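What you see is a predicted model, and the numbers here were worked out from it, not measured in a lab. Chain letters run A, B, ... following the sequence lines, proteins first and then strands; every chain starts at 1.
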Amino acid sequence: MKRGFDRMDTEGPEIEGIERVDNDIWQVPLGYKPGMRVPGRIYLSDKLFTNLEKEAVDQVANVATLPGIQKFSMAMPDAHVGYGFPIGGVAAFDAEEGIISPGGVGFDINCGVRLIRSNLEKSDVDGKVNNLLDSLFKAVPSGVGSKSRIRASESELEEIFTNGSRWAVEEGYGVEADLTHCEGEGCIEGGDPSQVSAKAHKRGRPQLGTLGSGNHFLELQYVDEIYDPVAAEAFNLKQGQLTFMVHCGSRGAGHQVCTDHLRNLTRAVEKYKIDLPDKQLACAPAQSEEAQAYFGAMASAANYAWTNRQIIMHHCREVFGQQMNMDADELGLDLVYDVAHNVAKLEEHDVDGGKKQVYVHRKGATRSFPAGHPDVPKAYRAVGQPVLIPGSMGTPSYVLCGKQSAMDVSFGSACHGAGRVMSRSGAKHTFRGEQIQKDLSGQGISVRAAHPSVIAEEAPGVYKSSSEVVDVVDRLGIAGKVAKLMPLGVVKG
DNA sequence: ATGTAC
């Protein structure tokens, strides 16, 4: 196997000081680093353990030192090193005594995934995949700095930042059911456009309905396997069915929000005299002006991301209509669900035998609420929320459903994807985009990309096995496998 | 992830 050149590729068989406490559960004990207020927990199989970076474990321990952290500083099986907090990290902080930190959310605020089902079967697109991909590639601007034809006015942008994807539906980019089939109905309450800088407004205005770059994609897929027939029926999924996935985030607007507020919260660390093991953990007391300003801006960026995915989905539906020569009812391109992978949310959880309000930071982690939870859409209340896990390019994606254990062990959270094992720079040295594209084509998977280098950076070999990651959360009962989706064609940013 | 460094 080809290998890259940087430390992310080194296989570390032993990480001193961490302990296995159960199958797939590793503990970072209080003594691992000074100042830890709670232990760390890393949910990981033996096999994935060989890819675990020591620096990611150190980050789990660093997060455990933050004021007001509850139960454990956690990392999902797809964890790897991130800015301050690990990607794949989950941490909940007391809403009164705790902190809020942009590092716990990441730069791509509400990077997330939506899944669309259809009345079509795989065979219905035989010989049409390439035309569909070409049209999708044209309909959704992609790549770094891409812009759309939509120009939201200042008042429209403020509405999007405040209320999320409802604006898009009211403007005709979708239907009411798209909102009820979306995490939080496409909105985090508390979005505050006045905390979003003029620069972030300016970057966001021309980017509604654009895909972006990196691991973001549009994917034509089919249901290859059903694991849980009851949940699959609730989600309106069946064997052989054509599905469609959108993976993207808040583009330049979210990035700018993170940049702006990191600067502000770095100053707040001194003001509130918070002792940090790593400057990248910049944060402020949850109820402070600075933390609430960040939260309002972060919620705005999250709302922008949901609107972005809503508009992208609408344009893709139009493409399907034209290419398949079918109307909306015939196509049945209904939104199954949309999940955020990078957000902080104010939620109620059971802690120490009582209910508590906490700011749950999920950075590369999916909410995974179980059956019966009031925040699960009514249509899915009997089985749990859909948990959408995109594969890396050319590998399967998974649909899971939220399970009760998630509420007990991970503040209602599960993994979010495969997780990188090689950096982008390593990947560009190791792979050539044209060759990867050819290899995938040989497997029956067509790829379109804004630039070949993106294909190299996102080559299947730079990610862990999504199947292995998903199996860990399934075994732990954090989320249960419902269906496996295989790619037919991909549009990369 | 990102007007891919300020």
Side-chain angles (χ1 to χ4, degrees), chain A residues 6 8 56 59 78-89 101-113 140-148 151 196-208 210-218 246-264 266 279-280 297-298 300-302 304-306 308-309 312 339-344 361-366 390 392-393 416-429 433 449-459 462-463 491-493:
Chain A
D6 53 29
M8 293 181 79
Q59 289 187 326
D78 46 340
H80 57 108
V81 174
Y83 181 90
F85 289 57
I87 295 162
S101 174
V105 172
F107 276 82
D108 191 5
I109 296 166
N110 192 5
C111 177
V113 173
V140 182
S142 64
V144 175
S146 55
K147 295 180 179 182
S148 77
R151 288 294 179 278
V196 179
S197 68
K199 205 170 174 183
H201 276 76
K202 190 183 172 196
R203 289 179 71 176
R205 188 167 293 114
Q207 293 192 316
L208 284 165
T210 65
L211 188 62
S213 184
N215 63 354
H216 292 166
F217 64 74
L218 310 173
V246 179
H247 181 195
C248 68
S250 51
R251 311 285 287 106
H255 193 275
Q256 192 65 45
V257 163
C258 186
T259 302
D260 293 337
H261 286 267
L262 266 174
R263 196 182 304 119
N264 198 36
T266 298
K279 279 194 296 190
Q280 294 184 354
M298 182 279 305
S300 288
Y304 178 101
W306 272 311
N308 188 32
R309 291 198 284 277
I312 287 172
V339 295
H341 284 165
N342 286 7
V343 285
H361 292 57
R362 298 189 182 92
K363 181 190 194 175
T366 313
S392 49
M393 188 172 54
H416 88 305
R420 270 189 177 273
V421 291
M422 194 188 295
S423 67
R424 292 179 192 284
S425 57
K428 275 195 279 197
H429 282 111
H451 195 279
S453 64
V454 174
I455 301 179
E457 290 173 21
E458 298 298 317
V462 312
Y463 285 92
V491 174
K492 296 293 300 179

For a quick check of understanding: with a heavy-atom distance under 4.0 Å over all strands, which category does [X] fall into, base, sugar-phosphate or nothing?
{"X": "A:S213", "answer": "sugar-phosphate"}
{"X": "A:K363", "answer": "nothing"}
{"X": "A:E457", "answer": "nothing"}
{"X": "A:G214", "answer": "sugar-phosphate"}

Between [N] ([atom2]) and [X] ([atom1]): distance, integer Å:
{"X": "A:N110", "N": "B:dT2", "atom1": "CG", "atom2": "P", "answer": "13 Å"}
{"X": "A:Y304", "N": "B:dT2", "atom1": "OH", "atom2": "P", "answer": "11 Å"}
{"X": "A:Y83", "N": "B:dT4", "atom1": "OH", "atom2": "C1'", "answer": "16 Å"}
{"X": "A:H255", "N": "B:dA5", "atom1": "NE2", "atom2": "P", "answer": "10 Å"}
{"X": "A:R263", "N": "B:dC6", "atom1": "CZ", "atom2": "C1'", "answer": "10 Å"}
{"X": "A:I87", "N": "B:dT2", "atom1": "CD1", "atom2": "P", "answer": "13 Å"}
{"X": "A:K202", "N": "B:dT2", "atom1": "NZ", "atom2": "C1'", "answer": "16 Å"}
{"X": "A:Q256", "N": "B:dC6", "atom1": "CD", "atom2": "P", "answer": "10 Å"}

Legend entry - OP1 or OP2 of B:dT4 under 4.0 Å from side-chain N/O of A:R424: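 Looking at the OP1 and OP2 atoms of B:dT4, neither is under 4.0 Å from any side-chain N or O of A:R424.
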Legend entry - Qualifying residues under side chain to side chain donor-acceptor pair (under 3.5 Å), relative to A:H247, sequence neighbours excluded: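 Once residues adjacent in sequence are excluded, A:H247 has no partner under the side chain to side chain donor-acceptor pair (under 3.5 Å) criterion.
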Inset, instruction - Kindly write out the residues that satisfy side chain to side chain donor-acceptor pair (under 3.5 Å) with A:S148, not counting sequence neighbours, or none if the list is empty. - result: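 Expected list: none.
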Legend entry - Donor + acceptor pair across side chains of A:N110, A:S250 (<3.5 Å):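 Result is no, nothing qualifies.
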Inset, instruction - Could you tell me whether the side chains of A:H341 and A:D108 share a donor-acceptor contact shorter than 3.5 Å? - result: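 A:D108 and A:H341 do not have a side-chain donor-acceptor pair below 3.5 Å.
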